*Asks:* 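Here you go, one structure.
Because the structure is predicted, anything quoted here is derived from the model rather than measured. Heavy-atom basis, side chains included; hydrogens, waters and symmetry copies ignored.
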Amino acid sequence: MRPADRRTVLGLHRSRHRRDLLTGALDLGITALDTASNYLSHRSHHALATVAGDLLPKFSISTKVGCFEDGHSLDPVRLRGAVERAVTELGREPDTVLLHNPEHSAPNTETLMHACSVLAEAAADGRCGAWGLSTWDPRPLVGLDLPRPDVLMIRSGLLVSSGVLDAAEALVTGWRPTAVWGMSPFGGSTTAHMWEKIDPRVFLRAPDATPIQAALRVAFALPKVAAVAVGTDDAEHLRELVGATTYEINTDVVREYRRLLRQAA
């Protein structure tokens, strides 16, 4: 995979949606934003349109629907309304709309099919550019049939359990998404105590990489994804990460890590 095939995305899950962060991302060549209808206490779309203003057309935007103020729902009528509100609140069509954590509603094949058909219709009608699913825990979804999605978004990186990694790869095999994206490579924090216990640089053929750069680069390989969403409010953190995609992975170490992870599960 060429470095150009690996894309760092600015995730807005924990972001305060500051304009200076968005301009900083653009300065670093980061032109993709990932959000959801429920981020920022269900105000993310409106806040993003207000804060970004003229910057918004410079980004590709992925968002998620399915998490409502009164809970999660796969009801097609509610999902259709959520897509329409996303377009209105953003002031433009999202590039990608994802079904947010469908496992929260314990779907069967029929309910998941109906929910996904709403998003597929939205893409076909021009209310978004592409559609897909974002899942935090893919294990309940394994074995369910689905039309081929444009995007499957999954957790990636060193903090993902063996069972979740295996389930995510099973979905990739079964659903054959056009693109696979990763998220939460640091488990919510790059300063958590757990990062003092491991050195992700052992996975790279790059002695000059920082541990944080190595952790992001490994997230593109555990499991294999083309893009990773990183949440931060720190432009310097983004600056450190932006070059990580160019480092070379030691595939033998990754393979041995997966073997040991399965063995310990």
Side-chain angles (χ1 to χ4, degrees), residues 9-17 32-51 60-123 127-142 144 146 149-156 160 164 167-168 171 175 177 180-185 187-188 227-232:
V9 178
L10 178 58
L12 299 180
H13 184 204
R14 295 176 177 85
S15 167
R16 293 192 293 272
H17 296 55
L33 300 176
D34 178 70
T35 188
S37 61
N38 60 307
Y39 289 0
L40 203 68
S41 301
H42 297 270
R43 295 183 294 106
S44 179
H45 293 156
H46 178 73
L48 187 58
T50 301
V51 170
S60 64
I61 300 175
S62 57
T63 191
K64 311 174 194 75
V65 296
C67 293
F68 300 91
E69 293 190 59
D70 61 348
H72 193 273
S73 176
L74 296 179
D75 178 72
V77 174
R78 299 193 72 181
L79 292 174
R80 191 171 291 110
V83 173
E84 292 170 355
R85 282 193 299 277
V87 174
T88 299
E89 291 169 356
L90 287 169
R92 54 166 282 190
E93 293 79 12
D95 295 273
T96 305
V97 176
L98 305 172
L99 188 61
H100 202 175
N101 294 340
E103 67 273 14
H104 286 184
S105 289
N108 55 35
T109 290
E110 183 178 6
T111 56
L112 190 58
M113 282 273 198
H114 288 320
C116 289
S117 68
V118 172
L119 304 191
E121 289 168 6
R127 284 171 287 158
C128 61
W131 74 279
L133 302 90
S134 174
T135 172
W136 187 255
D137 185 355
R139 289 172 292 186
L141 305 178
V142 174
L144 300 184
L146 196 68
D150 297 312
V151 175
L152 175 63
M153 191 173 197
I154 51 181
R155 276 190 291 162
S156 65
V160 185
V164 170
L171 294 188
W175 293 348
V180 183
W181 299 349
M183 60 179 165
S184 194
V228 175
V230 178
T232 184

*Asks:* Sequence neighbours left out, what pairs pass ring-ring contact (aromatic ring centres under 6.0 Å, His included) with at least one residue falling in residues 77-123?
*Replies:*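 Listed by first then second residue: His72-His104.
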*Asks:* Just to verify, what does Ser134 make a side-chain hydrogen bond (donor to acceptor under 3.5 Å, both in side chains) with, not counting sequence neighbours?
*Replies:*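 Listed in chain order: nothing, the list is empty.
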*Asks:* Which pairs, with at least one residue in residues 32-51 and sequence neighbours excluded, count as a salt bridge (charged side-chain N to carboxylate O under 4.0 Å, His left out)?
*Replies:*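 Sorted result for residues 32-51: Asp34-Lys64.
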*Asks:* What distance separates Asn108 CG from Thr111 OG1, expressed to the nearest 0.5 Å?
*Replies:*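 Asn108 CG to Thr111 OG1: 4.0 Å, rounded to 0.5 Å.
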*Asks:* Could you state the interatomic distance from OG1 (Thr232) to CG (Leu10), rounded to the nearest 0.5 Å?
*Replies:*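 CG of Leu10 is found 8.0 Å from OG1 of Thr232.
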*Asks:* Side chain to side chain contact (heavy atoms under 4.5 Å, CB included) with Ala167: which residues, sequence neighbours excluded?
*Replies:*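 Ala167 satisfies side chain to side chain contact (heavy atoms under 4.5 Å, CB included) with Pro138, Arg139, Val142 only.
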*Asks:* Per the salt bridge (charged side-chain N to carboxylate O under 4.0 Å, His left out) rule, what does the pair list look like for residues 111-121, sequence neighbours excluded?
*Replies:*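 Matches after skipping sequence neighbours: Arg80-Glu121.
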*Asks:* With sequence neighbours left out, write down each residue that passes side chain to side chain contact (heavy atoms under 4.5 Å, CB included) with His46, or none if nothing qualifies.
*Replies:*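 Expected list: Thr50.
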*Asks:* Asp150 side chain to Trp131 main-chain N or O, any donor-acceptor pair under 3.5 Å?
*Replies:*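 Yes; at least one donor-acceptor contact below 3.5 Å.
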*Asks:* For Leu144, does its backbone N or O pair with a side-chain atom of Trp175 as donor and acceptor, under 3.5 Å?
*Replies:*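 Side chain of Trp175 to backbone of Leu144, a donor-acceptor pair under 3.5 Å: yes, one is there.
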*Asks:* Could you list the residues that satisfy side-chain hydrogen bond (donor to acceptor under 3.5 Å, both in side chains) with Ser37, not counting sequence neighbours?
*Replies:*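 Scan of Ser37 (side-chain hydrogen bond (donor to acceptor under 3.5 Å, both in side chains), adjacent residues dropped) gives none.
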*Asks:* Which residue pairs pass the salt bridge (charged side-chain N to carboxylate O under 4.0 Å, His left out) test when at least one of the two sits in residues 97-113, sequence neighbours left out?
*Replies:*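 Salt bridge (charged side-chain N to carboxylate O under 4.0 Å, His left out) check on residues 97-113 returns no pairs.
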*Asks:* Just to verify, what does Thr88 make a side chain to side chain contact (heavy atoms under 4.5 Å, CB included) with, not counting sequence neighbours?
*Replies:*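 Result, side chain to side chain contact (heavy atoms under 4.5 Å, CB included) vs Thr88: none returned.
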*Asks:* Kindly write out the residues that satisfy salt bridge (charged side-chain N to carboxylate O under 4.0 Å, His left out) with Asp95, not counting sequence neighbours, or none if the list is empty.
*Replies:*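 Partners of Asp95 under the salt bridge (charged side-chain N to carboxylate O under 4.0 Å, His left out) test: Arg92.
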*Asks:* So, using side chain to side chain contact (heavy atoms under 4.5 Å, CB included) as the criterion, who are the partners of Val180 when residues are at least two apart?
*Replies:*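 Residues passing side chain to side chain contact (heavy atoms under 4.5 Å, CB included) with Val180: Ile154, Val172, Pro177, Val225.
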*Asks:* Checking Ser73 now: which residues fulfil side-chain hydrogen bond (donor to acceptor under 3.5 Å, both in side chains) with it, not counting sequence neighbours?
*Replies:*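 None.
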